[in-house]
Visitor: 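Okay, handing you the structure first.
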Amino acid sequence: MPQPPEVAARAWLLYDATSGQVLAAKDPDEPVEPASLTKLMTAYLVFDALKAGKLTLQQKLVVSERAWRMPGSRMFIEPNAQIPVEDLLKGMIVQSGNDATVVLAEGVGGSVERFVELMNRQAQALGLTRTRYQNPEGLTAPGHTTTARDLATLAARLMRDFPEYVGYYAIQRYRYPGTPAANDTNRNLLLFRDPTVDGLKTGHTAAAGYCLVATARRPVAGLGEGAAGQRRLISVVLGAASENARAAESQKLLNWGYTAFEAVRLAAPGQPVAKAPVWKGQASEVALGRPEGVVVTVPAGQAKGLRTEVVRPDPLVAPLLKGQPLGTLRVISAAGEPVAEIPLTVLDTVQEAGLLGRLWGALRLWIR
């Protein structure tokens, strides 16, 4: 594997969101304070409420006394003011406003305490096994910890589950009317240095150091046209020494990921990578693949000679539902080394056969 660069940070990780592979990491499972990277989960729940129709972007939320008194980074909104959800989102994402974050938490959860319960429940649902939240904004609190791996997982899911809202993370400048003009600049310096970077979030406390979850999307020859032909990387840098250092180390990781590795498309979006026989179903076989297609990342120059094999349960008995996890695609290099294991899903539902079909299938299975 390519040797990663030296990264001056407490912990870090580089994740290829297009292929779902971790390319390199240092101490990815060590508990760390997330600081304002906590707001990624807060945003996840707000986006989910918007998608479910529980909130609208135009809906106005009242700034509580608790929100107004929040220390640290602020949007500088006044108590009892009624602020549209969209402006609160921009205040939380661009300005990292703790006051805006609390207003959103109260608007979604009814109270900060209830919202924190929702955060921890969502963390479990996303598989963030080493993450525990104590507040929605990220100020230092006992037991408020996460890991580089969990942050990469959260960032990838945030972009995958809510593509319609992730554009907020690319906003370079924003301030609410009447608030200080000097407070309008996004702290993610890479947004001003690299046109392929479109997010995500910075964080800083004395205990956490300077942190950044950055993401870039660059076109790659051979992947296809438009959005399908772009490869997205996510870097997580935790505990850097300064604001400039976290940006420089993140840029270093992203550039290395694009040059040291190449992406290979094994299947187009919705195209099956395998078809398997089905018993007792209305169809005789089922298509296995991934809705977004299958891309694998390999060290540069090692794309030739890749082999694949599908590992799945046998026999497969209907019904099988679209989107149901079923089997794994193992990718092996020309030298026989494992490259990746990619979970597969059912691409098209196979309904259970009628009574006679099921009886005939049972007989065939018994003979088999």
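Small disclaimer: the values here were computed from a predicted structure and weren't measured.
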Visitor: Quick one, Arg231 and Arg217 - any side-chain contact, counting heavy atoms below 4.5 Å?
Guide: no
Visitor: Test your reading of the model: is there a side-chain donor-acceptor pair from Gln324 to the backbone of Leu321, 3.5 Å cut-off?
Guide: yes
Visitor: Check side chain to side chain contact (heavy atoms under 4.5 Å, CB included) between Ser242 and all other residues, then give those that pass, not counting sequence neighbours.
Guide: Asn244, Ala245
Visitor: Examine distances only and state if a side-chain atom of Arg74 and a backbone atom of Phe76 form a donor-acceptor pair shorter than 3.5 Å.
Guide: no
Visitor: Same cluster or not: Leu200 versus Leu253, using hydrophobic residues (I, L, V, M, F, W, Y) connected whenever any side-chain heavy atoms lie under 4.5 Å apart?
Guide: no
Visitor: Quick one: salt bridge (charged side-chain N to carboxylate O under 4.0 Å, His left out) partners of Glu337, sequence neighbours excluded?
Guide: none
Visitor: If we only count heavy atoms from C-beta on, is the Leu61 to Ile83 side-chain gap below 4.5 Å?
Guide: no
Visitor: Tell me whether Arg149 is salt-bridged to Asp29, with the criterion being a basic N under 4.0 Å from an acidic carboxylate O.
Guide: yes
Visitor: If we ignore hydrogens and angles and just use 3.5 Å, is the side chain of Asp150 paired with the main-chain N or O of Thr131 as donor and acceptor?
Guide: yes
Visitor: How would you list, by chain and number, every residue that makes a salt bridge (charged side-chain N to carboxylate O under 4.0 Å, His left out) with Arg69, sequence neighbours excluded?
Guide: Glu65
Visitor: Mind listing the side-chain donor-acceptor pairs of residues 164-174 below 3.5 Å, one per line with the distance, residues two or more places apart or on another chain?
Guide:
| from | atom 1 | to | atom 2 | distance (Å) |
| --- | --- | --- | --- | --- |
| Tyr168 | OH | Glu86 | OE2 | 2.8 |
| Gln172 | NE2 | Leu191 | O | 2.8 |
| Tyr174 | OH | Asp87 | OD1 | 2.7 |

Visitor: Quick check for you: to the nearest 0.5 Å, what is the distance between Glu249 atom CD and Arg246 atom CZ?
Guide: 12.5 Å
Visitor: Flag the pair Gln230 / Thr18 as yes when at least one side-chain heavy-atom distance between them is below 4.5 Å, and no otherwise.
Guide: no
Visitor: Step by step, work out the side chain to side chain donor-acceptor pair (under 3.5 Å) result for Thr42 and Thr101.
Guide: CA-CA 7 Å; Thr42 302; Thr101 303; over 6 Å; no
Visitor: Would you give the length of the straight line joining atom CZ of Arg218 to atom CG of Leu254, rounded to the nearest 0.5 angstrom?
Guide: 6.5 Å
Visitor: Are Val197 and Ile234 connected into the same hydrophobic cluster when the rule is that any two of I, L, V, M, F, W, Y join if their side-chain heavy atoms are below 4.5 Å apart?
Guide: no
Visitor: Could you tell me whether a side-chain N or O of Thr215 sits under 3.5 Å from a main-chain N or O of Leu233, the two making a donor and an acceptor?
Guide: yes
Visitor: Minimum heavy-atom separation for Pro84 to Gln82, with atom names?
Guide: CD-O, 4.1 Å
Visitor: Not counting sequence neighbours, which residues clear salt bridge (charged side-chain N to carboxylate O under 4.0 Å, His left out) with Arg66? List them please.
Guide: Glu113
Visitor: Quick one: pull up OG in Ser96 and CE in Met75 and give me the separation to the nearest 0.5 Å.
Guide: 12.5 Å
Visitor: Could you pull out the closest heavy-atom pair between Leu40 and Lys201, with the gap in Å?
Guide: CD2-CB, 3.8 Å
Visitor: Could you check if a side-chain atom of Asp99 sits within less than 4.5 angstrom of a side-chain atom of Val63, using non-hydrogen atoms only?
Guide: no
Visitor: Is any side-chain heavy atom of Asp27 closer than 4.5 Å to one of Val32?
Guide: no
Visitor: For the backbone of Val116 and the side chain of Asn120, can you confirm whether one donor and one acceptor N or O come within less than 3.5 Å of each other?
Guide: yes
Visitor: Would you compute the distance between atom CG of Leu212 and atom OG of Ser250 and round it to the nearest 0.5 angstrom?
Guide: 4.0 Å
Visitor: For residues Val213 and Ala155, report the shortest heavy-atom separation together with the two atoms involved.
Guide: CG1-CB, 3.9 Å
Visitor: Running the 4.5 Å side-chain criterion over Ile, Leu, Val, Met, Phe, Trp and Tyr, what cluster does Leu347 land in, apart from itself?
Guide: none
Visitor: Test: ring-ring contact (aromatic ring centres under 6.0 Å, His included). Region: residues 105-138. Which pairs qualify, not counting sequence neighbours?
Guide: Tyr133-His144
Visitor: With hydrophobic residues grouped by side-chain heavy-atom distances under 4.5 Å, do Val331 and Val220 end up in a single group?
Guide: no
Visitor: Going only through I, L, V, M, F, W and Y residues with side-chain contacts under 4.5 Å, is there a path from Val108 to Leu154?
Guide: yes
Visitor: Salt bridge (charged side-chain N to carboxylate O under 4.0 Å, His left out) with Arg114: which residues, sequence neighbours excluded?
Guide: Glu117
Visitor: Is there side-chain contact between Leu306 and Ile332, with heavy atoms separated by less than 4.5 Å?
Guide: no
Visitor: Got a second to check how far Leu139's CG is from Ser36's OG, nearest 0.5 Å?
Guide: 7.0 Å
Visitor: In Å and rounded to the nearest 0.5 Å, what is the CG to CE distance from Leu104 to Met92?
Guide: 5.5 Å
Visitor: Any side-chain heavy atom of Glu30 sitting closer than 4.5 Å to one from Thr147?
Guide: no
Visitor: Can you list every ring-ring contact (aromatic ring centres under 6.0 Å, His included) pair that touches residues 200-243, not counting sequence neighbours?
Guide: His204-Tyr210
Visitor: Check whether any side-chain N or O of Arg187 sits under 3.5 Å from a backbone N or O of Gln95 as a donor-acceptor pair, and report yes or no.
Guide: yes
Visitor: Could you tell me whether a side-chain N or O of Thr196 sits under 3.5 Å from a main-chain N or O of Ala216, the two making a donor and an acceptor?
Guide: no
Visitor: Please find the pair of heavy atoms, one from Gly203 and one from Ala35, that lie closest to each other, and give the distance.
Guide: C-CB, 3.9 Å
Visitor: If you look at every heavy atom in Leu13 and Tyr15, which pair is closest and at what distance?
Guide: CD2-CB, 3.7 Å
Visitor: Where the side chain of Glu341 meets the backbone of Arg330, is there a donor-acceptor pair that is under 3.5 Å apart?
Guide: no
Visitor: Using side chain to side chain donor-acceptor pair (under 3.5 Å), reason through Thr140 and Glu33 one step at a time and then give a plain yes or no.
Guide: CA-CA 7 Å; Thr140 298; Glu33 286 198 29; 2.9 Å; yes
Visitor: Check ring-ring contact (aromatic ring centres under 6.0 Å, His included) between Phe261 and all other residues, then give those that pass, not counting sequence neighbours.
Guide: Trp256
Visitor: Minimum heavy-atom separation for Ala240 and Val237, please, with both atom names.
Guide: CB-CG1, 4.3 Å
Visitor: Using residues 284-303 as the side-chain source, report each donor-acceptor pair under 3.5 Å to any protein atom, sequence neighbours left out, with the distance given to one decimal.
Guide:
| from | atom 1 | to | atom 2 | distance (Å) |
| --- | --- | --- | --- | --- |
| Arg290 | NE | Glu292 | OE2 | 3.0 |
| Arg290 | NH1 | Pro343 | O | 2.6 |
| Arg290 | NH2 | Glu292 | OE2 | 2.8 |
| Thr297 | OG1 | Asp16 | OD2 | 2.7 |
| Thr297 | OG1 | Ser19 | OG | 2.9 |

Visitor: Quick one: does Asn98's side chain get under 4.5 Å of Lys39's, heavy atoms only?
Guide: yes
Visitor: Can you get from Ile342 to Leu23 by hopping between Ile, Leu, Val, Met, Phe, Trp and Tyr side chains that sit under 4.5 Å apart?
Guide: no
Visitor: Can I get a per-line list of side-chain donor-acceptor pairs under 3.5 Å for residues 45-59, giving both atom names and the distance, sequence neighbours left out?
Guide:
| from | atom 1 | to | atom 2 | distance (Å) |
| --- | --- | --- | --- | --- |
| Lys51 | NZ | Asp161 | O | 3.0 |
| Thr56 | OG1 | Gln59 | N | 3.0 |
| Gln59 | OE1 | Thr56 | N | 3.4 |

